[in-house]
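Read the numbers this way: they start at 1 and go in the same order the structure lists the ligands and their atoms. Note that the structure is a prediction, hence the values are computed from the model and not measured. All heavy atoms count here, side chains included; hydrogens, waters and symmetry mates do not.
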Amino acid sequence: MTNICYFCGGKLKKEKVDIARYWGKDLLALRDVPALVCQQCGERYFEAKVSDKIDQKIHQALNAKPDNTIDVPVVQF
Ligand SMILES: [Zn+2]
C-alpha cells in the first residue's frame, strides 16, 4: 500500500481510530482499529487484512455478546 492519499496526495500516518459500521439496521462501533489516516484531508484507509477483521468482528459481535456497549439516545420523530 502506498503512503500517499489517493484523493489529495497528502501523507498517510498510521493511527488507531474508532469507527462505526452499519450491518443491516444495526450500528456497531469498533475501537482502536489500525488505519492509515491522511494528514491533509482525514481520509482513512484500511489494509485488506484489517477490513477482513472488521467484518469478522462485526459477525462475531452480532452472534455473541459484545465486549462493551454504549448507550445512544434515540429520539422518536
Ligand atoms: Zn487526503
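Between the CG atom in Asn3 and the NZ atom in Lys13 there is a gap of 12.5 Å [rounded to 0.5 Å]. For the atom pair CD1 of Ile19 and CD1 of Ile54, the computed distance is 3.5 Å after rounding to the nearest 0.5 Å. Here CG of Asp26 is found 10.0 Å from CD1 of Ile58. Values are rounded to the nearest 0.5 Å.
Residues passing the salt bridge (Lys or Arg N to Asp or Glu O under 4.0 Å) test with Lys25: none are found, sequence neighbours excluded.
Counting only protein atoms, the N, O or S atoms lying less than 2.8 Å from the Zn ion (ligand 1) are Cys5 SG, Cys8 SG, Cys38 SG, Cys41 SG, ordered by chain and residue number.
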Practice problem: Could you check Lys14 against Glu47 for side-chain contact (heavy atoms from CB on, under 4.5 Å), going step by step and ending with a plain yes or no? | Solution: CA-CA 11 Å; Lys14 268 191 182 168; Glu47 290 176 58; 4.3 Å; yes
Exercise. Take Cys5 and Tyr45 through the side-chain contact (heavy atoms from CB on, under 4.5 Å) test and state the conclusion after the steps.
Key: CA-CA 9 Å; Cys5 178; Tyr45 297 87; 3.2 Å; yes
